[in-house]
Amino acid sequence: MATAATPYEIVIIGANFAGLGVAHYLIRKTIPELQKLDESKSFHITVVTPNTDMFFKIAAPRVLLNATAIPESKVLRPLSEGLSKYKPEQLTLTQARATGHDAAKRTVTITPVGSEASKDLHYDSLFIATGTTSASPLWTLHADQSLTSTAFKSLHAALPTAKTVYIAGGGAVGLETAGEIATTYPNAKVTLLSGGTSLLPRISPAVGARAESYVKSNSVAELVHNLRVVSSDTSKSPNTVTLSDGSTREVDLCIDATGGKANSQFLQADWLDETGRVLTRDAYFRVKGNGSDDVEGVYVVGDIVAGSNNTAIEVDAMVPTAASAFAVDFARKVIGVSAEPAKSGLLASLFGMFAGKKAGPPSLVEYKPMKDTILVPIGPGGGVGQLMGWKVPSFFVGKLKGQKFLMELVEPALSGDKWPKA
Ligand SMILES: Cc1cc2nc3c(=O)[nH]c(=O)nc-3n(C[C@H](O)[C@H](O)[C@H](O)COP(=O)(O)OP(=O)(O)OC[C@H]3O[C@@H](n4cnc5c(N)ncnc54)[C@H](O)[C@@H]3O)c2cc1C
């Protein structure tokens, strides 16, 4: 196994923030380090995903405004721009969905986009990075990226003349969208339905209360609590919206900014938590399975991880940790080398000197995401947020995120330059 003739096959399912990050990280860092341990080993990665573009969804609340604020072409970027520099013997990008999985045979069933014909793909190691799908394609990729593009264009056409806009969802996405629309289209009356008793319920009551006071004092939107949008007919204008109290409203536009459902339908149910996310068996993103399935060499990364807070901040910390688990497992199972506890500084150089090796055994990277950190711009000039639990002043939220919507992060994510090299 894993000779030049028979490379070790790694399959990554899903290629947006998490899957793309794992692909780059393995090729830039993990694989070269393993090859320093044993140069006879070779690896091949297959990335399976229905989208051909990376979607930098973080900027979606501004992209939806019009064709120029942030052009769609800057947030939907061909994955090939980042991945085609790798040789075919290193990586293959396959436009398909995972539609089944057989743990005993170690195969994933994949169905190419636009085809009914599925086939089984063998893996030695598997990374599951399939994220979530929101009801609206404005926030996540649905099938390939064309539905997201259509959704942007339809709002570009409708927003300039919309007088009444309902936004369903009081999380960061709904709040940011309300702020963007209210700023660019001041003639529109924006109504934000939190669907609960407060804004930003998944973050903290203090930040939620600050957001509520910001929305009110800046007349961003009419805020309605304890009322949900049950359904909306957006096929004709005006949209007919049915609310949880049984009433209906006619509005020019209704935007669904509620959360997403986990993309795990291709996995067995006993690998999942009650929300459909994949359970882990340790803090290094090794998949737990059901106790009897073969889950050796199977990892999960990104929003699909059980207990994830669905942030890119967490994804950025998960990628090195899951890759380190893969390296440790591979070194033990395939090369026969045991993991070393993490070393640093003098100890590491002394170990290197006495061991006389070019490279030591891999060690696990602890998962340390930046905690209690979120920035929620409500319009370009300000908003609410916290950095490691500390309150961020409104103008700083505007400077850090509201002005450019973190667009400076697109290029390094696509190219892989955000990740270290071996
Ligand atoms: C509007 C918005 C703003 C945000 N702002 C921030 C922010 O400011 N800071 C922050 O930290 N986080 C933010 N986030 C969250 C962040 O974007 C997510 O945490 C991140 O995108 C998760 O990445 P992922 O790769 O796990 O999932 P996704 O981005 O959902 O990608 C999943 C991938 O899997 C593919 N896939 C799905 N099903 C299958 C299948 N069956 N087979 C194969 N492939 C499949 C999809 O096509 C896609 O390529 C924001 C999210 C949104 C929507």
Side-chain angles (χ1 to χ4, degrees), residues 11-23 46-64 75-76 79 93-101 108-113 118 121 126-145 147-148 169 171-177 180 202-203 255-267 276-278 285 300-305 308-319 322 369-370 373-377 383 385 397 400-402 404-407 409 413:
V11 173
I12 301 172
I13 315 178
N16 208 33
F17 287 59
L20 181 63
V22 169
T46 304
V47 178
V48 177
T49 199
N51 47 303
T52 55
D53 288 357
M54 176 186 114
F55 178 27
F56 188 74
K57 50 171 89 164
I58 290 175
R62 185 156 298 162
V63 180
L64 62 79
V75 293
L76 284 168
L79 286 166
L93 180 60
T94 302
Q95 200 192 356
R97 301 187 75 75
T99 47
H101 172 239
V108 179
T109 307
I110 63 167
T111 309
V113 172
S118 55
L121 194 63
L126 179 68
F127 284 85
I128 301 162
T130 44
T132 58
T133 298
S134 52
S136 165
L138 291 166
W139 324 118
T140 61
L141 295 161
H142 284 210
D144 63 20
Q145 58 277 353
L147 292 178
T148 297
V173 177
L175 199 48
E176 290 180 3
T177 303
E180 290 297 306
R202 288 181 32 225
I203 296 165
I255 299 175
D256 186 331
T258 55
K261 290 204 174 81
N263 295 319
S264 56
Q265 300 79 355
F266 63 97
L267 291 169
R277 286 175 168 78
V278 180
F285 304 102
V300 59
V301 187
D303 286 3
I304 189 70
V305 173
S308 143
N309 286 313
N310 294 359
T311 68
I313 290 176
E314 284 189 343
V315 175
D316 281 354
M318 286 176 185
V319 168
M370 211 194 279
T373 296
I374 185 147
L375 299 172
V376 185
V397 175
L400 290 174
K401 185 171 172 191
K404 294 191 185 148
F405 260 88
L406 306 178
M407 286 298 292
L409 302 181

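Read the numbers this way: they start at 1 and go in the same order the structure lists the ligands and their atoms.
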- Item | Contact (N/O only, under 3.5 Å) between N51 and ligand 1 | yes
- Could you tell me which non-hydrogen atom of M54 sits nearest to which non-hydrogen atom of L20, and how far apart they are? SD-CD2, 3.6 Å
- Item | Set of salt bridge (Lys or Arg N to Asp or Glu O under 4.0 Å) partners for K57, sequence neighbours left out | none
- Task: Distance to 0.1 Å, residue and atom name: give those for the protein heavy atom nearest to atom 30 (O) of ligand 1.
- Result: K57 NZ, 3.1 Å
- E314 touching ligand 1 at heavy-atom level, < 4.0 angstrom: no
- Heavy-atom distances under 4.0 Å are what count here, so tell me which part of Q265 touches ligand 1: side chain, backbone, both or neither. neither
- Task: Among all protein heavy atoms, pick the one closest to atom 10 (C) of ligand 1 and tell me residue, atom and distance.
- Result: A312 N, 3.3 Å
- Query: At what distance is the nearest protein heavy atom to atom 44 (N) of ligand 1, and which residue and atom is it?
  - Reply: P50 CD, 3.2 Å
- Between N309 and T311, is any side-chain donor less than 3.5 angstrom from a side-chain acceptor? no
- Message: Tell me the protein heavy atom at minimum distance from atom 50 (C) of ligand 1, and give that distance in Å.
- Response: I58 CG1, 4.0 Å
- May I ask you to list the atoms of ligand 1 that are less than 4.0 angstrom from any heavy atom of N310? 15 (C), 19 (O)
- atom 31 (O) of ligand 1 sits nearest the protein heavy atom N16 CB, 3.2 Å
- Given that the side chain starts at C-beta and the backbone is N, CA, C, O, which of these parts of T311 lies under 4.0 Å from ligand 1, counting heavy atoms, or is it both or neither? both
- Message: Testing the 3.5 Å rule here: is there a donor-acceptor pair between the side chains of T111 and T99?
- Response: yes
- Check: H101 and I13 side chains under 4.5 Å, non-hydrogen atoms: no
- Item | Contact check, side chains of M407 and V75, non-hydrogen atoms, under 4.5 Å | yes
Name each donor-acceptor pair under 3.5 Å that joins a side chain in residues 132-139 to protein atoms two or more places apart or in another chain, with its distance.
| unit_1 | atom_1 | unit_2 | atom_2 | d |
| --- | --- | --- | --- | --- |
| T133 | OG1 | N263 | OD1 | 2.7 |
| T133 | OG1 | N263 | ND2 | 3.1 |
| S134 | OG | S136 | O | 2.7 |
| S134 | OG | T140 | OG1 | 3.1 |
| S136 | OG | L138 | N | 3.0 |
| W139 | NE1 | D256 | O | 2.8 |

- Message: Students should be able to answer this: which protein heavy-atom is nearest to atom 26 (O) of ligand 1, and at what distance?
- Response: D303 N, 2.9 Å
- Message: I'd like to check which ligand 1 atoms, numbered from 1 as shown, lie under 4.0 Å from a non-hydrogen atom of A98.
- Response: 40 (C), 41 (N), 42 (N), 43 (C)
- Message: Within the structure, is a non-hydrogen atom of V173 found at a distance of less than 4.0 Å from ligand 1?
- Response: yes
